Amino acid sequence: MSTLFPDPADEAESDLLTGLNDPQRAAVVHAGTPLLIVAGAGSGKTRVLTHRVAHLIRARGVRPSELLAITFTNKAAGEMKERVAELIGPQAKSMWVSTFHSACVRILRSEADRLGYTKSFSIYDSADSQRLMTMVCRELDLDPKRYPPRSFSNQVSNFKNELIDYEAAAAQATSHQEQTVAQAYALYQRRLRSANAMDFDDLIMLTVNLLQAFPEVLQSYRRRFGHILVDEYQDTNHAQYVLVRELVGPAVGPIPQAELCVVGDSDQSIYAFRGATIRNILQFEQDYPNATTIVLEQNYRSTQNILSAANAVISQNPNRPPKTLWSNAGAGAQIVGYVGDDEHDEARFVAEEIVELGRNEGIRPCDVAIFYRTNAASRVFEEVFIRSDMPYRVVGGVRFYERKEIRDALAYLRILANPQDEVSLRRILNVPKRGIGDKAQEAVETLSRRERITFWEALRRCDEAPGLATRARTQMQAFVELLDVLQILVESQTPPAEILEAVLDQTGYLSELRTSLDPQDETRIENLAELEAVAREFEETAASNDEPATLFEFLERVSLVADADSIPNGDDGGGVVTLMTLHTAKGLEFPVVFLTAMEDGVFPHIRSLDDPAELQEERRLAYVGLTRARQRLYLSRAVSRSTWGAPNYNLASRFLEEIPTELLDWRREAEVAHSDRWKAVPPRTPSVFAPAARRSSGQPVLDLAPGDRVTHDSFGLGTVVAVSGEGDRAQATVDFGSTGEKRLLLRYAPVQKL
DNA sequence: GAGTGGATAATTTTT
DNA sequence: TTATCCACTC
């Protein structure tokens, strides 16, 4: 193996390899044939990839522009670029490091016309595509009960991931249901085309189609990219696999096969639900017969106890290429277990433990992460953290870009960039209210169908629309005129933040929010301000990198960001505790990790219990979660957990039982099993954090006095102004600041004393 | 065409 | 428990 190593006299070279172990070095300097790096969690995958990129450029003389590195998130791409720049200097700027989707958008932008699109195409996320699918299903007169658009959307997405076009889908359909799906697929695709829009799956599929249909385009990319690197290869789907295969290609004339290097861990494949297939990594050696495989099993992240637990869990998965992680970081602390009475108790334990860790071991909030299976689980932690003044940040959940006002604002921007974008156009046609309701929209739609023109063109010619009320028509004309005026800003390359400002101002969107009485609208204004800040920041970063920052680029950026892209780095002061789902946690690491809600039915999720394949994916998810921890790992569950108001009693997660007992230190265990667990009653002694007295009579009513601080489930923080009445009729007048003063019946009001 | 209220459904996971 | 949809009224 030592022959793989470069001459130690080459100083630049040894510099690049500093700190790498033998297999890692081998992976970095390996030249020639396709290379598969099978790497366990925490084995320095990204580091190896980064060093390989630097090595290619500096030691092997590859020009940075000949490189295409594909990462899983934009954040990972940014970090790789940064680290490579540290190793080799500013020339790193000209290499292509991006996600699959960003790379495809870039290719599609420059070749869009070949596919019948214009460069300014819109990118539809899953919410947009579902909206469009709903429109399609309505057009096909499908009963939404029997044919839910959501399921159609998923099936179409699966087809695209498999590179099956609608004709092929129709050809292979046997049942009536399948034919209906194929029909919807065809219409959906037509509507996307006429809206000059692509959905997420199109980005990959159309790129593949493009490269396959136009050999000269493929050749130009193949000539350019002599090296292709793919991170997280286990999470690629079929379309992405084909894309890579096309770009690597066999040697053709003067163009050699590209040097391919992929990194992955089949144990960390957690995106099968979205089409990812482990096949790609398991069969790499068949796909590329001259491939070399290098296995990295040493883990540099976690203590041995944590790894042993992770190994024990993942080894329960059958048919897995055996791989055992090891560490020389020492055994480390035992894994701490905790069984809470309910989810509030569990969250309280987590919060208290974080405080303790800070006091005793100097752990800062930003060193701590809390993971859960579903986004909804973040709520109880937020409640407890707010009450105990613990700084935190939720990654994901109701995501920033999914908020109504943000989507509205972006819909306006998209319309300006691409007026054919029907989904966005219909979203904001009557927002803010312009008196253009369903009736009026129908009239325009009829016109558009009759004249075979797009919705936008029909809107322009709305005076021809049959049966359109005069008032609606005037409003529509005003709307078209407004967009025409705003369009001028786009044509003159006005920076996106300024366009956004003009949109919010001239459409009256902002003033409607300002005059609104709904307290939620205040937050909406703040969110829009935040969006403007995002736009400004985007302009600045682009300017410092000498990249264009027009509206198109901004929209593209906004469409393709992932949640993981916004995770704080935490170098500012103590930072904040990070809360996220297990999926979002992939690729990250934290000194302290809390894995919560370890209950059968929650994690593994109830919908995976009867399918062995899905259960295995849940187990890999557990493996991902466990291996995020560097030093300390906490596993917790709750005896009772309330979903939709009703308490559920869940058994311990099977994953907990797969961990050898000697690795675990149970701080608090479940009481001895009840003779009949289904009759188990909620804990008698409500913790301080349990909700205050509710409808159940006999419970003491909250004892409040003027001056007390309280929180209300919907009004937030408030101060008690006055109290009156006794027992069931006790009332309090509470000042909730901007929401105003409210009189509350304490027996029923969802308030807690602070 | 817009606002109200009651019934009803919903929670996997996301580039 | 909350969010969304639909029917009904103004």
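Worth saying up front: this structure is predicted, and the values here are computed from it rather than measured. By convention in this document, chain letters (A, B, ...) are assigned in the order of the sequence lines, proteins followed by strands, and residues within each chain are numbered from 1.
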What is the distance from [atom1] of [X] to [atom2] of [N], rounded to the nearest Å?
X	N	atom1	atom2	result
A:L468	B:dG1	CG	P	9 Å
A:R403	C:dA3	CZ	C1'	16 Å
A:R131	C:dT4	CZ	C1'	13 Å
A:R379	B:dA10	CZ	P	19 Å
A:E617	B:dT14	CD	P	12 Å
A:R150	C:dC5	CZ	P	13 Å
A:D125	B:dT13	CG	P	15 Å
A:I123	B:dT15	CD1	C1'	12 Å

Contact class for [X] (heavy atom, under 4.0 Å): base, sugar-phosphate, or nothing?
X	result
A:N430	sugar-phosphate
A:F100	nothing
A:Q240	nothing

Given the P atoms of B:dT11 and C:dC6, what is the spacing between them in whole Å?
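So the two P atoms sit 16 Å from each other.
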Are more than 12 heavy atoms, taken from residues, nucleotides or ligands other than A:I606, located less than 6.0 Å from that residue's CD1 atom?
no
The side chain of [X] is closest to which nucleotide in this list: [options]?
X	options	value
A:H583	B:dT15, B:dT13, B:dA2	B:dT13
A:R274	B:dT13, B:dG3, B:dT15	B:dT15
A:F72	B:dG3, B:dT13, B:dT15	B:dT15

Assign the ring pair A:Y241 / A:H238 to parallel, tilted or perpendicular, where the plane angle (0 to 90°) is split at 30° and 60°.
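Rings of A:Y241 and A:H238: tilted, 30 to 60°.
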Ring-plane angle category for A:Y117 and A:F121, please: parallel below 30°, perpendicular beyond 60°, tilted otherwise.
perpendicular
Between atom NE2 of A:H101 and atom OG1 of A:T73, what is the distance when rounded to the nearest 0.5 Å?
13.0 Å
Taking the side chain from A:D408 and the backbone from A:P432, do they hold a donor-acceptor pair closer than 3.5 Å?
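Not at all, since once roles are kept as given, no pair shorter than 3.5 Å links the two residues.
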Base-paired stems that DNA chain C participates in, counting runs of 3 or more Watson-Crick or G-U pairs under 3.5 Å:
B:1-10 with C:1-10
Please figure out whether A:R607 or A:G437 has its closest DNA chain B nucleotide nearer the 5' end.
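Looking at DNA chain B, the more 5' nearest nucleotide goes with A:G437.
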Both A:K439 and A:T374 contact DNA chain B. Which one's nearest nucleotide lies toward the 5' end?
A:K439
Is the phosphate of [N], meaning OP1 or OP2, less than 4.0 Å from a side-chain N or O of [X]?
X	N	answer
A:T581	B:dT14	yes
A:N375	B:dT13	yes
A:T584	B:dT14	yes

For A:R403, check side-chain contact (heavy atoms from CB on, under 4.5 Å) against everything at least two apart and list the hits.
A:V398, A:F400, A:E405, A:I406, A:N527
Pairwise side chain to side chain donor-acceptor pair (under 3.5 Å) hits with a residue in residues 605-617 of chain A, at least two apart:
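For residues 605-617 of chain A, and leaving out neighbouring residues, the side chain to side chain donor-acceptor pair (under 3.5 Å) pairs sorted by first residue read A:E617-A:R620.
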Six-ring centre of A:F455, A:R426 cation under 6.0 angstrom, axis tolerance 45°
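Yes, A:R426 lies over the aromatic ring of A:F455.
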Are A:Y271 and the base of B:dT14 stacked, counting only ring centres nearer than 5.5 Å and planes tilted under 30°?
no
